[in-house]
Amino acid sequence: MEPIRMKYEVRSDDFSVAGEASGKIKRTLKDLGLDASVVRNVAIAVYEGEINMVIHANGGYIEVEINPDKIKIVLKDSGPGIPDVEKAMQAGFSTAPENIRALGFGAGMGLPNIKKYSDEMYIDTELGVGTTITLGFNI
Amino acid sequence: MDKNIFHSVRMDEDKCLGCMNCIKHCPTEAIRVRDGKANIIKEKCIDCGKCIEVCPHHAKYAERERLQKIIDFKYTVALPAPSLYGQFKNLEDANYVLAGLIKMGFDSVFEVSCAAEIVSQITREKIKNNKTGKPIISSACPAVCRLISVSYPSLLPQLLDMNAPMEIAAAMARREAIEKTGLKSEDIGIFFITPCPAKVTAIKNPMTLREPIIDGAVAISDIYPVLVQQMSRLAKDGKEIEDLQRSGKIGVSWAASGGESAALFHDNYLAADGIENVKEILSEIENEQLNGLDFIELNACTCGCVGGALTAENPFIAKRRLQILRKYLPVSGEHYTKEQEEADKDFLYWQKQPEANNIMRLADNLKDAMRIMGEINELEAKLPQLDCGTCGAPSCKSLAEDIVRGFADIHDCMFCTRNEYAQSQEPGASLLREILPAPFRTRKENKNADSKKSD
């Protein structure tokens, strides 16, 4: 079965459009009739990823691949990279600047939430080059 | 889903010019323009009345009962929605509205706001006992309930499992009328004075009742002129007005957005109104972003029921008037006892579960859905992404879906048709390249047209 592929650009520094990609992905999954809990998990994880890209990485793009048994999502940016992945995975650890926190973002729950709501998560990051997070969701 | 399901929102083909206003505003993308006329896809329509509001040619209307129907019954009861009280200038006492309804020909009145106060009282209890970790969503707005069943079915379990105040009021009014007159139930006509088409639909087609219990809906806008006349006569008479009002501040406040929430006596709630806002909030609830809240009140119309398509007054003005009107009212009507609640259980709570409407799903199983989605995506990529609406569908995506489902053709897109012919060597093909409505011409095409003019 040919997987369904979609690609979305996440623009930098624009909170007003953050959530657009996860919203579109969510609509697609709902149209497919997927279980509400899968739809929710993907929507939450991708939204966190989108916000991260806006805050830390000057945007990036999101690739989605839907297979009959699995959804694969790649969040790719050319941002600064994550210096200490282990630390970044800790709940509450945040490097977001004050102006971002004032908006209610940057609470240090981005990566932990992505992990919580996905079935698989791989982080590939290189300082000065960028970060690629690959997520898997079982259907 | 039954194709012959009753819908209050209808089309008047004679008035429809086939413009694209409605297709762009429909929250469930339920309208297509075909052969110069708008068509409502019944299975998707939630009767919110948005298209009635935006149609500049008044080609959309709400089917409802005419007042004459009340002569079919030996005894009639009017159920005024609290939004009715906000429609009158300089009104300081809602008793004029109630007495006016009786002057118009109803035998008695039963305020929907009384039932609303009961719902508020029980909701407070339910919130206290809610251990799901998820907010309870108000089930009072029928357009919101239908929107949830069509587009957010996973939220159905979060709906407050009580019938709407209008339905509870109807059951109580009927019981009262039978006790008072000794007549049979079928001789008693219960009529809701409605601010919106969604409630007309809900009456004919209740989502959570075994069968309809209201005999008809009369629009606020229809009775308004007669009612105003009767009310001013009553005022001119100068006689003391009969005290018919039984509801207090809480019940009357339900007419506007935030009123139902305020009746909960705490602030851990969210109240949103306007169908687009409601959609965003429902999506946030699905994503579990609002789990810290106890209660979510959603109204499809701007400002709540006072913004319904069948009201007479601007919603903000009506809302303001209610603030004055309720000022001297007691907080609430009579306290509703546990014994009463126990006795009324059958009509207070859902008699049947609301059903999910899976019309938005592409197929019953994932593989078929994926195949269809693949075809839709492939087609969508060929479309210009202008969402211009000239194909009659609200967006390129919805046209792609219509084509795959067999309801439309790729040639319905004028850009696809144009490109196909423009590339051909047929005589006239070059002319076709230049014929496009102004917004869609590219700069180069404009220049060509200009230089032709000066030739």
Side-chain angles (χ1 to χ4, degrees), chain A residues 1-9 15-51 63-72 103-105 107 109-110 113-114 116-118 137-139, chain B residues 27-29 44 133-134 147-158 276 279-292 356-381 385 394-398 400-402 404-405:
Chain A
M1 177 118 217
E2 194 58 25
I4 291 174
R5 291 193 176 87
M6 297 175 297
K7 189 171 174 177
Y8 300 98
E9 198 194 328
F15 274 105
S16 65
V17 297
E20 213 173 87
S22 52
K24 282 181 180 162
I25 295 166
K26 181 175 167 183
R27 158 105 196 246
T28 301
L29 301 182
K30 281 173 83 171
D31 285 350
L32 286 171
L34 288 175
D35 192 68
S37 64
V38 176
V39 176
R40 180 205 55 202
N41 291 349
V42 174
I44 295 176
V46 176
Y47 183 57
E48 294 282 2
E50 262 186 287
I51 295 286
E63 283 176 329
V64 183
E65 186 189 295
I66 306 167
N67 292 288
D69 58 340
K70 196 170 198 155
I71 301 167
K72 186 178 150 193
L103 291 168
F105 298 104
M109 290 309 292
N113 266 342
I114 295 175
K116 182 177 161 194
Y117 286 97
S118 57
F137 299 85
N138 300 329
I139 293 178
Chain B
T28 55
E29 299 192 327
K44 290 188 180 178
K134 293 175 179 180
L147 177 65
I148 291 176
S149 90
V150 171
S151 300
Y152 307 88
S154 70
L155 300 181
L156 286 171
Q158 276 173 260
E276 288 305 320
K279 280 170 70 175
E280 279 185 31
I281 296 299
L282 287 170
S283 185
E284 290 290 309
I285 305 173
E286 267 187 339
N287 291 355
E288 296 186 358
Q289 299 301 299
L290 299 172
N291 277 357
N357 167 348
N358 289 323
I359 181 77
M360 299 299 187
R361 278 193 187 184
L362 295 174
D364 294 338
N365 65 77
L366 184 58
K367 282 200 171 155
D368 284 345
M370 280 180 62
R371 182 179 48 75
I372 296 169
M373 171 118 3
E375 289 173 38
I376 292 173
N377 289 349
E378 204 177 301
L379 259 169
E380 197 189 346
Q385 311 305 323
S395 64
C396 292
K397 186 178 168 60
S398 55
E401 191 179 324
D402 286 351
V404 172
R405 289 188 187 236

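Below, chains carry the letters A, B, ... as their sequence lines are ordered, and counting in each starts from 1. All values reported here derive from a predicted model rather than from experimental measurement. Just so you know, these numbers use all the heavy atoms, side chains as well, and skip hydrogens, waters and symmetry mates.
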Report the option among B/Glu401, B/Met360, B/Arg371 that has the most heavy-atom pairs separated by less than 4.5 Å from atoms of chain A. B/Met360
What part of A/Tyr117 is in contact with chain B, defined as an atom under 4.5 angstrom from a non-hydrogen atom: side chain, backbone, both or neither? side chain
Counting C-beta onward and ignoring hydrogens, is there a side-chain heavy-atom pair between B/Lys279 and B/Ser151 closer than 4.5 Å? no
Using side chain to side chain contact (heavy atoms under 4.5 Å, CB included), reason through B/Leu362 and B/Asp368 one step at a time and then give a plain yes or no. CA-CA 8 Å; B/Leu362 295 174; B/Asp368 284 345; over 6 Å; no
Would you say the side-chain atoms of B/Ser398 and B/Glu29 include a donor-acceptor pair closer than 3.5 Å? no
Closest non-hydrogen atom pair between B/Arg361 and B/Arg405, with its separation: O-NH2, 3.2 Å
Which residues share a side chain to side chain donor-acceptor pair (under 3.5 Å) with A/Asn41, sequence neighbours left out: none
Please output the residues of residues 30-39 of chain A in contact with chain B, using a heavy-atom cutoff of under 4.5 Å, in numerical order. A/Lys30, A/Asp31, A/Leu32, A/Gly33, A/Leu34, A/Ala36
CD/B/Gln158 to CD1/B/Ile285 distance, rounded to the nearest 0.5 angstrom? 6.5 Å
Heavy-atom donor-acceptor pair, B/Thr28 side chain to B/Lys44 backbone, under 3.5 Å: yes
Test side chain to side chain contact (heavy atoms under 4.5 Å, CB included), reference A/Tyr8, set A/Glu63, A/Lys24, A/Glu50, output is A/Lys24
Sorted by number, residues from residues 64-71 of chain A in contact with chain B (heavy atoms, under 4.5 Å): A/Ile66, A/Asn67, A/Pro68
Quick one: pull up CD1 in B/Ile281 and CG in B/Leu290 and give me the separation to the nearest 0.5 Å. 6.0 Å
Compare every heavy atom of A/Ala43 with every heavy atom of B/Asn287, then report the nearest pair and how far apart it is. OD1-CB, 3.4 Å
Is any side-chain heavy atom of B/Gln289 closer than 4.5 Å to one of A/Ile44? yes
Are there residues of residues 372-379 of chain B that reach to under 4.5 Å of chain A by heavy atoms, and which ones? B/Met373, B/Gly374, B/Asn377
Taking atom types as modelled, is there a side-chain donor on B/Ser283 or A/Lys26 under 3.5 Å from an acceptor on the other? yes
Considering all heavy atoms of both residues, which atom of A/Ser22 and which atom of A/Val46 are nearest to each other, and what is their separation? CB-CG1, 3.8 Å
Closest approach of A/Phe137 and A/Ala45, non-hydrogen atoms and distance? CZ-CB, 3.7 Å
